[in-house]
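The next block holds one structure in the form of structure tokens; read it before the comments.
Everything quoted here is computed from the prediction, not taken from an experiment.
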Amino acid sequence: MSSPLAKQFSLTTALIAGVVIGPMARAGTISDQFSAGAAPTNEAAPRTTFVSDRLIGTNELSEKVGITYDGTLMHDSGAPAVGSGFPDRGGTVIRFGLGADWQVSSHWALLGRAVASLPSTSLTAATIPFETAAGMATTVDAEVRVHSWSWGGELGVEYDSLELMKLQLIATVTAGATDYDSTQRLRRLRQVNGNVVTLAELQQRCRQRGCSAQIRSLLRRDQFNVVQGYGAADLTLVGRWLDAGVAGTVYAYSQDPGDLGFFGVAAFGRGAVIGDATTFAPLRWSARGHALARAGRWRVGLTGELDGYAAGMGNSTVATLKPSFDLTRALRLWVVAAVQHDWDDQGYSGTTAWGAVGLRLSY
């Protein structure tokens with residue numbers, strides 16, 4: 001099911017982890033999950049189909065110190081030309097993470113993690129309202145080249161009640177920040193009514209008649225940067241057969257995230273993975289409920305999530321079902337089915353469906 005590129009990425013990362021981390025590690029796990037999904041397209045968040053492959057490993061370095069490492073390759077295929085003469089050509093994100101946890105006492109642990117994505121490029125289509133010199137209202141088809149990268153980190157603390165309560169309580173609080181950088185340029189402008197529209201003419205018309213916030217940002221400058229800070233909390237009750245919990249995240253930005261220009265997988269799908277949403281645009285807040293039922297070799301996880309986008313981009317809801325089965329004591333197989341619905345105040349509404357299959361080895 002996995003693409004050759006995703007397989008190569010997973011195997012290479014696994015080999016590096018085994019050579020570098022393996023000799024100094026004791027017990028641990030390594031898992032790989034391949035995901036695929038499809039979504040509608042709009043100007044603010046252009047996307048159709050996407051695939052990703054994520055490798056996650058954990059190791060105990062000692063009785064009190066453990067590490068977590070992960071690598072993700074995600075590709076957005078882009079979309080055919082819809083409402084524009086240019087197609088969206090999507091983009092690829094390669095993201096790495098490295099974390100550590102320190103068991104300070106039997107009940108308390110400190111957590112830390114760093115995450116970064118490699119620079120990558122996508123081509124995004126845009127349709128710009130335009131008024132000709134003769135006063136005729138029309139549109140200009142533009143192609144925007146987006147070159148993006150990011151880096152960040154987070155710190156957290158975890159409390160585990162263990163045997164102090166009838167039900168085990170696990171509480172985690174995390175705070176982090178991610179720096180998003182992007183270079184965006186208007187690459188091509190398509191002719192209007194047989195006449196070539198130059199960048200200078202577009203700038204003049206935008207000054208006279210106005211353009212969208214994204215186009216105005218592109219005309220002012222081509223370097224975009226915004227720092228996203230976030231705080232997250234998770235409260236989980238662990239029972240013999242059932243776990244249940246609630247989680248929430250709030251986000252703040254160094255400036256209006258709308259100033260980052262055009263959103264998309266190559267511009268914003270690069271931060272720390274929190275919750276179940278496929279994040280292609282900046283969030284203001286997220287609330288999530290989760291439950292896990294266990295019976296013999298079976299486990300069934302269920303989550304429901306509600307997200308609020310920044311920059312007036314609307315909201316989304318996400319529902320995820322994840323059954324898993326222990327093939328052996330060391331090997332676990334799972335599948336994921338999820339539906340994400342997005343909507344905004346301008347009447348846009350779209351549904352993203354995605355699924356995944358994963359395998360985990362404990363050793």
With no hydrogens and no angle check, is any side-chain donor or acceptor of [X] less than 3.5 Å from a backbone partner on [Y]?
X	Y	value
Ser150	Tyr180	no
Glu60	Ser62	no
Gln255	Asn225	yes

Requested in this report: Using the salt bridge (Lys or Arg N to Asp or Glu O under 4.0 Å) rule, collect all pairs that involve residues 229-244, keeping only residues at least two apart or in two chains.
Outcome: Asp243-Arg294
Report summary line: Applied to residues 312-326, the salt bridge (Lys or Arg N to Asp or Glu O under 4.0 Å) test, sequence neighbours excluded, yields Asp326-Arg332
Report task. Would you check, one step at a time, whether the test side-chain contact (heavy atoms from CB on, under 4.5 Å) holds for Tyr230 with Glu154? Result -> CA-CA 9 Å; Tyr230 58 89; Glu154 62 183 31; 2.5 Å; yes
Does some side-chain heavy atom of [Y] sit less than 4.5 Å from a side-chain heavy atom of [X]?
X	Y	result
Ser182	Val146	yes
Phe34	Val51	yes
Leu162	Gln168	yes
Trp354	Phe50	yes
Tyr253	Arg284	yes
Ile94	Thr72	no
Arg54	Asp32	no
Leu333	Val357	yes

Query raised in the report: Are Thr174 and Thr172 close enough, and set up right, to give a side-chain contact (heavy atoms from CB on, under 4.5 Å), and what steps lead you there?
Result: CA-CA 7 Å; Thr174 306; Thr172 306; 3.9 Å; yes
[X]: which other cluster members, linking ILVMFWY side chains closer than 4.5 Å, directly or transitively?
X	answer
Ile170	Val238
Leu155	none
Val300	Leu302, Leu321

Query raised in the report: Can you say whether the rings of His107 and Tyr159 are parallel (under 30°), tilted (30 to 60°) or perpendicular (over 60°)?
Result: parallel
[X] [atom1] to [Y] [atom2] distance, which is reported to the nearest 0.5 Å:
X	Y	atom1	atom2	result
Ser316	Leu306	OG	CG	7.0 Å
Tyr309	Tyr251	OH	OH	10.5 Å
His147	Thr121	NE2	OG1	4.5 Å
Thr351	Asp342	OG1	CG	8.0 Å
Thr249	Leu283	OG1	CG	8.5 Å
Leu237	Ser161	CG	OG	8.5 Å

Query raised in the report: Considering residues at least two apart in sequence or located in another chain, which fulfil the salt bridge (charged side-chain N to carboxylate O under 4.0 Å, His left out) criterion with Asp179?
Result: none
Query raised in the report: Taking all non-hydrogen atoms of both residues, which atom of His290 and which atom of Val246 are closest, and how far apart?
Result: NE2-N, 3.9 Å
Query raised in the report: Considering all heavy atoms of both residues, which atom of Gly239 and which atom of Leu167 are nearest to each other, and what is their separation?
Result: CA-CD2, 3.9 Å
Report task. Test Trp334 against Gln33 for side-chain hydrogen bond (donor to acceptor under 3.5 Å, both in side chains), laying out the working first. Result -> CA-CA 9 Å; Trp334 69 84; Gln33 177 172 293; 2.7 Å; yes
For [X], enumerate each residue passing the ring-ring contact (aromatic ring centres under 6.0 Å, His included) test, keeping only those at least two apart in sequence or located in another chain.
X	answer
Trp285	none
Trp343	His341
Trp151	none

Please name all residues satisfying side chain to side chain contact (heavy atoms under 4.5 Å, CB included) with [X], sequence neighbours left out, ordered by chain then number.
X	result
Thr68	Ile56, Thr58
Leu331	Leu327, Thr328, Leu359, Leu361
Leu110	Trp102, Val104, Val157

Applying a strict under-4.5 Å side-chain criterion to I, L, V, M, F, W and Y, I'd like to know whether [X] and [Y] cluster together.
X	Y	result
Leu292	Val336	no
Leu61	Leu111	no
Leu242	Phe325	no
Trp149	Val227	no

Report task. Step by step, work out the side-chain hydrogen bond (donor to acceptor under 3.5 Å, both in side chains) result for Glu305 and Ser286. Result -> CA-CA 7 Å; Glu305 184 173 339; Ser286 176; 3.1 Å; yes
